[in-house]
Protein chains: 2
Amino acid sequence: MPRSNSELNTQVQVFKALADPTRLAILKLLKRAPEALICGQVGAQLGISKTSGSYHFKLLEAAELIIVNKVAREKYVTLNQAVIDRDVTQFYQQL
Amino acid sequence: MPRSNSELNTQVQVFKALADPTRLAILKLLKRAPEALICGQVGAQLGISKTSGSYHFKLLEAAELIIVNKVAREKYVTLNQAVIDRDVTQFYQQL
DNA sequence: ATTATAGTTCAAAAACGTTTGAACTATAAT
DNA sequence: ATTATAGTTCAAACGTTTTTGAACTATAAT
């Protein structure tokens, strides 16, 4: 049943965000990229529809795993490395 | 070099296993336990049915996050610390 | 001004994950 | 032998996540 611990909840949210092949692929692409990438280009490279891409980027942003910067028509995304580092550390300390 | 997809798949499997409040609670309980715990007792402590417990433990075992030891009627479980450490390291190296 | 491009939103559909109860196996206790 | 306990399995129900297509907004290019 619902275990209501808000730290646990955000942790679950992060793991849920990571628990999908498309999103993991996005994050790995961003990790290797020298600078910000445009959403649509990432989606195209992974062969997903723009609607689906929009959904996944929104979810990654909600989990604070990426930073989004809208410039004119385009959406530039980068890893939120600080938050990822914090999450890894937490994972390491707890398990 | 084309990155094999099976690595991504097992990674996704691990994150899926972690992406649930009940399973995360189980793992944290196991982490703090001085020795192996009995499935049913863990389930009771978390207030889940035995059927549901069986489902979650099976999933955690499939993801190799726990080690299971059946003794007579009881199922003893411990964290699979070696695999967890490897997963954390991989997470750290890739994101 | 028209058309093209990048992305969003919405609702429906499809896919996937979790819980439930009943029936079951195997071991233990009386 | 009978009854109790620990756990599994199965299918159905229930719940959540993901994909889809169409309609939409906003900016850019011709």
Side-chain angles (χ1 to χ4, degrees), chain A residues 1-5 8-27 29-30 33 35-78, chain B residues 5 8-27 29-30 33 35-78:
Chain A
M1 281 306 267
R3 205 158 322 300
S4 67
N5 175 338
L8 206 168
N9 288 340
T10 58
Q11 235 165 190
V12 168
Q13 191 196 10
V14 168
F15 285 130
K16 277 187 174 170
L18 295 166
D20 174 273
T22 298
R23 290 191 294 270
L24 221 34
I26 290 172
L27 294 174
L29 261 176
L30 292 179
E35 358 83 7
L37 298 179
I38 294 167
C39 284
Q41 295 180 354
V42 174
Q45 185 155 352
L46 299 177
I48 63 180
S49 71
K50 62 190 176 150
T51 314
S52 183
S54 184
Y55 169 75
H56 287 298
F57 283 110
K58 204 165 111 183
L59 206 146
L60 288 170
E61 191 183 7
E64 298 186 275
L65 293 170
I66 61 174
I67 292 167
V68 171
N69 195 353
K70 187 145 198 187
V71 175
R73 284 189 302 186
E74 265 112 38
K75 236 174 110 172
Y76 289 86
V77 282
T78 51
Chain B
N5 236 26
L8 210 178
N9 289 339
T10 59
Q11 237 164 190
V12 168
Q13 191 192 14
V14 168
F15 285 130
K16 277 188 175 168
L18 294 166
D20 174 273
T22 298
R23 290 190 294 271
L24 223 33
I26 290 171
L27 295 174
L29 261 176
L30 292 180
E35 358 82 10
L37 297 179
I38 294 167
C39 284
Q41 294 181 353
V42 174
Q45 184 154 353
L46 299 176
I48 62 180
S49 71
K50 62 191 178 151
T51 314
S52 183
S54 184
Y55 169 75
H56 287 298
F57 283 109
K58 203 165 114 183
L59 209 147
L60 288 170
E61 191 183 9
E64 297 186 276
L65 293 170
I66 61 173
I67 293 167
V68 171
N69 196 351
K70 187 144 198 187
V71 176
R73 285 188 302 186
E74 264 113 38
K75 237 173 109 170
Y76 290 85
V77 281
T78 50

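So you know, we letter chains A, B, ... as the sequences are listed, proteins then strands, and number each from 1.
Counting only heavy atoms from C-beta outward, the side chains of A:N9 and A:Q13 never approach each other to under 4.5 Å. Between A:V14 and A:T10 the shortest side-chain heavy-atom distance does not fall below 4.5 Å. Looking at heavy atoms from C-beta onward, A:Q45 lies in side-chain contact with A:L29 at the 4.5 angstrom threshold. Counting only heavy atoms from C-beta outward, the side chains of B:Y76 and B:V68 never approach each other to under 4.5 Å.
Less than 4.0 Å separates DNA chain C from at least one heavy atom of each of the following residues of residues 37-44 of chain A: A:I38, A:C39, A:G40.
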Which letter, B, S or -, goes with each nucleotide of nucleotides 16-26 of chain D from 5' to 3', with contact meaning a protein heavy atom under 4.0 Å?
-SBBBBB----
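Summarising the geometry of A:A17 relative to A:L65, their closest heavy-atom pair is CB-CD1, 3.7 Å, with the distance given to 0.1 Å.
Judged as a side chain to side chain contact (heavy atoms under 4.5 Å, CB included), and not counting sequence neighbours, the contacts of A:T78 are A:A36, A:I67. Considering only residues two or more places apart in sequence or on other chains, A:L30 meets the side chain to side chain contact (heavy atoms under 4.5 Å, CB included) condition with A:I26, A:L37, A:I66, A:V77, A:L79. Checked against side chain to side chain contact (heavy atoms under 4.5 Å, CB included), A:Q11 has the following partners two or more places apart in sequence or in another chain: A:F15, A:Q90, A:Q94, B:L24, B:K28.
Closest-nucleotide positions on DNA chain C for A:E74 and A:K58 were compared, and the one nearer the 5' end corresponds to A:E74.
Phosphate proximity of C:dT8 to A:K75: present, with a side-chain N or O under 4.0 Å from OP1 or OP2. Neither OP1 nor OP2 of C:dG7 sits under 4.0 Å from any side-chain N or O of A:S54.
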Given pairs defined as Watson-Crick or G-U wobble with both distances under 3.5 Å, what dot-bracket annotation applies to DNA chain D, with ( ) intrastrand, [ ] crossing, | other strand and . unpaired?
||||||||||||||||||||||||||||||
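Between A:E61 atom CD and C:dG7 atom P there is a gap of 13 Å when expressed in whole angstrom units. Atom CG in B:L18 sits roughly 17 Å away from atom C1' in C:dT18 (whole-Å rounding).
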Going by atom type alone, with no hydrogens or angles, which donor-acceptor pairs under 3.5 Å involve a side-chain atom of residues 46-62 of chain B and a protein atom two or more places apart or on another chain?
{"residue": "B:S49", "atom": "OG", "partner": "B:S52", "partner atom": "N", "Å": "3.1"}
{"residue": "B:H56", "atom": "ND1", "partner": "B:R23", "partner atom": "NH1", "Å": "3.0"}

Check against side chain to side chain contact (heavy atoms under 4.5 Å, CB included), A:D20 and A:L18:
CA-CA 6 Å; A:D20 174 273; A:L18 295 166; over 6 Å; no
